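Counting starts at 1 for both ligands and their atoms, in listed order. Computed from a predicted model, the values in this text were never measured in an experiment.
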Amino acid sequence: MKKLELLKKHFGYDSFRPLQEEIIDDVLNKKDLMVVMPTGGGKSMCFQLPALMLEGVTLVISPLIALMKDQVDALNANGIAAGFFNSSQESTQQQDVILQLQDGSLKLLYVAPESISLLQNYLASITVSLIAVDEAHCISTWGHDFRPAYTQLAYLKKSFPDANLIALTATADRATRSDIKKQLTISDGKEYIASFDRPNIMLEVRPGNNRISQIRRFLKKYEGESGIIYCLSRKSCESLSSKLKSYGYSAAAYHAGLENRFRESVQERFIKDEIKIVVATIAFGMGIDKSNVRFVIHYNMPKNIEGYYQEIGRAGRDGIESRALLFHSYADVMQLRRFAETSGNSEVQLAKLERMKQFGEALTCRRRMLLSYFNEYLPEDCGNCDVCLNKPDFFDATVQAQMALSAVYRMKEQCSLTLLIDVLRGANNAGVMESGFHVIKTYGTGREISWSNWQQYIIQMINQGLLEIAFHEQNHMKLTEQSKEVLFDNRAVQLAVIPKPEDIAAKTSQPTTELPTDVNRKLYDALKELRTDLARKESIAPYMVFSDATLKDIASRIPLDDNQFADITGVGTHKHDKYAFGFLKVIQDYKESRTEDFVYRDEAPKKKSRKKAKSGGLTDTVMDSVELFWNGKSIDEIAVERGLKADTILAHIGKRYASHRDVDVEKLLEGVDLEMLEKMLPNYQKENSLKPIFDHFDGKIGYGQLRLGMAVVEARITTAV
Ligand code: ADP
Ligand code: ZN
């Protein structure tokens, strides 16, 4: 069978993720490979699919004993013969695996590096076609998670001369990669390095005040969804998790101070969706394959970007929109700085912390900054981080930049960022006096600007390449070629206006990751319920039955028969045979309970084409309201009939008006001062908030009418232009 057919048959997917296909081709062509892909990028597919096509068995070496069972369960759930062998098993279980191995019924065998020698004799008599070394960074002392047992893997290639070897990891810089290849004796192996970008994870940073209430507000959008909250200390893990529990959330703490057994059960219950939120120190999450983690919150700032990146990577492995929220506080920075100062490699640690802090303070696209840390450059702003979604205003800051740069120049590039700001602000503390810089010409020229604003401006200048920090020269500020243009050639500088803290807090309701509008919430919930029941019966994790992505696809396409169900993403033959009946039954029940607004899928093309002519790209729900309105129903009648709020119906009418202007809105806007609204439009477009307008009219005009009014004036202006 061909690759793509197998992909659909066993995994239910229609296409490959980036690099997967090339890698699989090379694996099938017996090449040795080194693969670096971010967490969630789809590494496993690179050996699981070839395993199905190759003769004999594929050995998967993995250090994560606790997770082997999950990985094997997930494969079995897809109808793939896989087993595992490690020291956590009883000897009868081990015997069982050996028997399966000998009678040739296994396609994949997961083995811990410590245990492989025990299997040597059995393996010698069967065909091993491929060896996959997972979490390969553990092999190198250069990597961050060295495991001694991994260093003995050099013999693999010798013991199985006919097998090719693929090493996989999510983190390995150049030195680590070549060390891994050398140790595995695949020095000539080709390297595949996938993009580190995880575009479905929305990145967001907020000031770390009132964190608990910010988190509660955040969680409102994630009822019943899984997430991880990382804290710096055990104590804050405990206290945050008990607070969340007292507010009715399903939460548990996880840290090194807890008993092993207890920790394992937390992890297990999290994977099975029995606990929704885990509040953890960094110990949690390593290697967890759970695909439906919808959010990762950093209650405290991580100590470096590598850690941050790895932790947020645990969100959204299923490719669905997910969110990473980082709280940024100066107190955290101070504490981390103290840790770093007392650590072995303090200079490097401090420099890394500094980059992390700059990330938190960035006023430019955060994803670009994050990726540039891993030497990857996005050609454009990402559009899915808080900065991109709330673009700051820029101002001509040439004068301020000149002030800062000329101070650096006059201090002969011998000042830290702190000293620079103190000198600009004319401070007369000991640091400044001892340095003798209180006599330079720029001393005190910037006293009008607050300390923290100066800090922000200078960080922006660093991010724009106008200044550099020499980490190996006591963090002294250095001029660059570009800063010289500002100083001597009158080059202009634009800096972002620094938002006031209250403005940032007001924006907390920004981007949502709610279900897309075409996903039927009620049906989705019913599907989830069935998934949980099935998982419980089989003692596997719910995401192994179907991922969130699959349930969403079902709830938006609403398949009504076997064929349509087979079309859904993530539905392979095995799962189809096992689950189609049950899920189709849930859909049937749902359909019967909601005959009125249910769109039959088999009728959909007809209905769609009927609407396409008229709907002009508007969704069905908008058009349903509009049509009732055209039929002479009042807003309130439509609202009752459709079980929606009157404001929502008004919004639907507004959308139609904006694109077609063929609904009669006059009556709906009686008593609304449209001229006034037109004046307020520019500000509304900028702030995207109706609250000031609502307040302006003393609350006498409802939000629905205001929104419609805005849509109308906006449409008129655009047409006029
Ligand atoms: P990694 O090991 O790189 O962290 P996984 O192999 O666990 O990532 O894959 C992450 C998720 O992506 C899994 O849920 C997997 O089923 C899914 N996945 C892998 N390949 C594809 C694909 N081609 N199309 C859709 N989903 C995929
Ligand atoms: Zn961005």
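Y13 OH, 2.8 Å is the protein heavy atom nearest to atom 16 (O) of ligand 1. With hydrogens left out, the protein atom closest to atom 23 (N) of ligand 1 is S15 O, 2.9 Å, a heavy atom. The shortest contact between atom 4 (O) of ligand 1 and any protein heavy atom is with G40 N, 2.6 Å. Among protein heavy atoms, atom 7 (O) of ligand 1 sits closest to R317 NH1, 3.3 Å. The closest protein non-hydrogen atom to atom 2 (O) of ligand 1 is S44 OG, 3.6 Å. The single protein non-hydrogen atom nearest to atom 19 (C) of ligand 1 is Q20 NE2, 3.7 Å, given as residue, atom name and distance.
Side chain of Q310 to main chain of G307: no donor-acceptor pair is present (N/O by atom type, distance under 3.5 Å, no hydrogens or angles). Checking side-chain atoms of R198 against main-chain N and O of G313 turns up a donor-acceptor pair under 3.5 Å. A distance-only check finds a donor-acceptor pair linking the side chain of Q460 to the backbone of A496 [under 3.5 Å]. The backbone N or O of T569 sits less than 3.5 Å from a side-chain atom of T550, completing a donor-acceptor pair. Listed for the S62 side chain is no donor-acceptor partner under 3.5 Å among the backbone atoms of D134.
A heavy-atom distance below 4.5 Å is found between the side chains of F16 and I24. Side-chain contact between I540 and N76 is absent, with no heavy-atom pair separated by less than 4.5 Å. Using a 4.5 Å heavy-atom threshold, the side chains of F84 and V60 count as separate. The shortest side-chain heavy-atom distance between F11 and I80 falls under the 4.5 Å cut-off.
For atom 13 (C) of ligand 1, no protein heavy-atom neighbour is found at a distance under 4.0 Å.
Here C365 contributes SG and C388 contributes SG, and at the Zn ion (ligand 2) these two atoms make an angle of 110°, given to 10°.
Below 3.5 Å of separation, one finds no N or O of L7 facing any N or O of ligand 1. Considering backbone and side-chain N/O atoms, S291 never comes within less than 3.5 Å of an N/O atom of ligand 1. Inclusion of G42 in the set of residues having an N or O under 3.5 Å from an N or O of ligand 1 is warranted. An N or O contact shorter than 3.5 Å is missing between T39 and ligand 1 by distance.
Not a single heavy atom of M37 lies less than 4.0 angstrom from ligand 1.
For ligand 1, the atoms closer than 4.0 angstrom to any heavy atom of F16 are 23 (N).
Residue contacts with ligand 1, taken as heavy atom pairs separated by less than 4.0 Å, involve P38 solely via the backbone atoms N, CA, C and O.
For Y373 and F359, the ring centers sit 6.0 Å or farther from each other.
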